[in-house]
**Student:** 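Next up is a structure, given as structure tokens.
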2 protein chains.
Amino acid sequence: MPKQVDYESRRRRIAEAVCVLADAHGPEGVTMRDVATRAEVSLGAVQRCFRTKEEMLVFAVDHVGARVTERMRARLSGAPERSAATALEHAATEIALLRSAHRAEARVWLAFVAQAAVSEPLAARLRISYAALQDLLARLVTEAVEVGDADAPDAPDPSDEPGDGGAARLDPQREARALLALADGLTSHVLIGHLASEEAEDILRAHVVRLWERPRTSRPGQAARAE
Amino acid sequence: MPKQVDYESRRRRIAEAVCVLADAHGPEGVTMRDVATRAEVSLGAVQRCFRTKEEMLVFAVDHVGARVTERMRARLSGAPERSAATALEHAATEIALLRSAHRAEARVWLAFVAQAAVSEPLAARLRISYAALQDLLARLVTEAVEVGDADAPDAPDPSDEPGDGGAARLDPQREARALLALADGLTSHVLIGHLASEEAEDILRAHVVRLWERPRTSRPGQAARAE
DNA sequence: CCAGATCCGATACACTCGTATTGAAATAAG
DNA sequence: CTTATTTCAATACGAGTGTATCGGATCTGG
């Protein structure tokens, strides 16, 4: 058994290069040769790792998706008990990739999303990542609701907050979906330059805050039409 | 003055072809030759209309943006007095391009958004369209708030709805931005296949409804942190 | 040290792309 | 009818693409 190389790490390195280039020129604009150069390997090596270009792009999508999910999971387990509400806010901000540090990742993600509308294999991978993110968000929502919003909203008089009885009416999955979509939309608008990232963060914050403000919807007779 | 051609209509016809193709293969995948074929003109004719490919794409973006804006404006003036709240909901749905009839337009839009993150001239055009849409939405929000939500929410007892005094605290521009972002995010998630269009519509509806449920935020002392 | 498998860098190939060129058809004015 | 001018179809061209091929370098097991 002769020469052996660590394909896994090489694949990751290549995926990294793909991201850098996709950030600059869009995923269609990514060239095998450029990837090879950027990853400091030869074109032949890239071809050995991925039989085809699409295979490479799919791997890169998974890579980015895993990174985002992982970062969020880390954030989630980092401060689990502190305040589920603010944790949710942070998580959403994280997903929105608004921190300029992750601007590149955001562009890559958006580019892949766009191409996924055309390429089914890419779309399949994206769905996996989205499902994971949505689940995480839904869990956060549930947790935040159950724990109660004791320390998150700074309304120290719980007089007109009848416990979490009302908040329980939130559908965590639904809210997670909404949050995810809002985050994605904000991200793209920031990238286009239609929004400043501060504006986007404000909007996201306002949306999350609204989740805890609302819970007196328990007033009956209204749910009928809303659902 | 010899042979003269109506360039404007030809340009529109070409833009239409661009949309069809961009829907199928993404905007990068659009080829001058394919456009020419699809538009039933020769490659030379396309080249006479647009000096370069990017010029053509930019025109196509404007074309789509104008169409969406126009459709929304029509919807706006079609039933102006009926109910600002439901008008808002309809407008948002319209923007989200969720009706399957406009699925193609949605794909085109998303594709262009993605590429705009890389191409500044495209981004500039998109910003114009977004600004127009946001303004329209903001106007709708304002209108809905001022008119009062008398007939929109079917809570016929205005006992605990202290007029629109609280609703006035809504920042229409902010809400318009949020709505626009949410609509875009939902659109892309539907295109990816992560959401069904009914789910997306539900989420959008819930978001709009929430705008009218909330208005007792007038309780002071909270804006400090929230903003 | 040798055999044999594995890896990969270089090169080749077939293609497609955007764009430039060009010469003929079409048309309006003289 | 000429003639000047515009329009465009056909073609050419060079750059750049993904992928296939292949010969030598590299390393392991004996």
Side-chain angles (χ1 to χ4, degrees), chain A residues 1-61 111-112 115 118-122, chain B residues 1-61 111-112 114-116 118-122:
Chain A
M1 193 197 299
K3 193 174 180 181
Q4 282 292 25
V5 298
D6 183 4
Y7 279 100
E8 211 47 45
S9 80
R10 189 194 296 278
R11 268 196 253 262
R12 272 196 296 271
R13 170 205 280 269
I14 291 178
E16 218 67 55
V18 170
C19 288
V20 172
L21 296 175
D23 172 36
H25 314 110
E28 296 256 307
V30 173
T31 284
M32 299 288 277
R33 291 172 229 275
D34 288 354
V35 168
T37 303
R38 177 54 114 150
E40 289 172 309
V41 298
S42 81
L43 178 56
V46 176
Q47 286 186 278
R48 186 151 301 274
C49 279
F50 304 103
R51 223 178 313 280
T52 178
K53 184 186 183 180
E54 183 165 68
E55 201 174 302
M56 182 181 76
L57 290 181
V58 164
F59 183 89
V61 168
F112 278 134
Q115 181 151 15
V118 160
S119 155
E120 236 306 298
L122 245 64
Chain B
M1 194 197 296
K3 193 176 184 182
Q4 282 291 27
V5 171
D6 183 4
Y7 279 98
E8 211 48 45
S9 80
R10 190 193 292 280
R11 267 196 254 262
R12 271 197 296 271
R13 170 205 280 270
I14 291 178
E16 219 66 56
V18 169
C19 288
V20 173
L21 295 175
D23 172 36
H25 315 111
E28 296 258 320
V30 174
T31 283
M32 299 289 276
R33 294 181 225 289
D34 288 353
V35 168
T37 302
R38 175 55 110 153
E40 289 173 306
V41 299
S42 81
L43 178 56
V46 176
Q47 286 187 281
R48 185 149 302 273
C49 278
F50 305 102
R51 221 181 311 280
T52 178
K53 183 185 183 182
E54 183 165 68
E55 201 173 301
M56 181 182 76
L57 291 180
V58 165
F59 183 89
V61 167
F112 278 135
Q115 181 151 13
V118 160
S119 155
E120 236 307 299
L122 246 63

**Student:** What is the distance from CZ of A/R48 to C1' of D/dG23, rounded to the nearest Å?
**Tutor:**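 Rounded to whole Å, this separation is 13 Å.
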**Student:** For DNA chain C, write out the stems as range with range, using runs of 3 or more consecutive Watson-Crick or G-U pairs with both distances under 3.5 Å.
**Tutor:**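 The stems that DNA chain C takes part in, listed by first number, are C:1-30 with D:1-30.
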**Student:** Reckon A/Y7 touches a base, only the sugar-phosphate, or nothing at all at heavy-atom distances under 4.0 Å?
**Tutor:** sugar-phosphate
**Student:** So, OP1 or OP2 of C/dC8: does either fall under 4.0 Å of a side-chain N or O from A/R10?
**Tutor:**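 Answer yes for this pair, as a side-chain N or O of A/R10 is under 4.0 Å from OP1 or OP2.
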**Student:** Quick check: does any side chain N or O of A/R11 sit under 3.5 Å from a backbone N or O of A/C49, one acting as donor and the other as acceptor?
**Tutor:**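 Yes, A/R11 side chain to A/C49 backbone: donor-acceptor pair under 3.5 Å.
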**Student:** Verify, without hydrogens or angle tests, whether B/S42 (side chain) and B/G44 (backbone) share a donor-acceptor contact under 3.5 angstrom.
**Tutor:** yes
**Student:** Can you tell if the side chain of B/Q115 reaches within under 4.5 Å of the side chain of A/E28, non-hydrogen atoms only?
**Tutor:** no
**Student:** Grab the NE2-C1' distance between A/H25 and D/dT17 for me, whole Å please.
**Tutor:**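 For the pair A/H25 NE2 and D/dT17 C1', the rounded distance is 15 Å.
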**Student:** I'd like to check A/F50 versus A/M32 (side-chain heavy atoms, cut-off strictly below 4.5 Å). Are they in contact?
**Tutor:** no
**Student:** In whole angstroms, how far is the P atom of D/dC8 from the CG atom of B/D6?
**Tutor:**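 Result: 11 Å.
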**Student:** Return the minimal non-hydrogen interatomic distance between B/G26 and A/V118, and the atom names on each side.
**Tutor:**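 What the structure gives for the nearest pair is N-CG2, 3.6 Å.
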**Student:** Around B/E120, counting heavy atoms of other residues, nucleotides and ligands shown, do more than 12 lie under 6.0 Å from its CD?
**Tutor:** yes
**Student:** To the nearest 0.5 Å, tell me how far A/R38 CZ sits from A/I14 CD1.
**Tutor:** 14.0 Å
**Student:** In the 5'-to-3' direction, what one-character label does each nucleotide of nucleotides 16-21 of chain C receive under the scheme B = base within less than 4.0 Å of a protein heavy atom, S = sugar-phosphate only, - = no such atom?
**Tutor:** -BBBB-
**Student:** Tell me the closest heavy-atom pair linking A/L57 and A/V18, and the distance in Å.
**Tutor:**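 So the two residues come closest at CD2-CG1, 4.0 Å.
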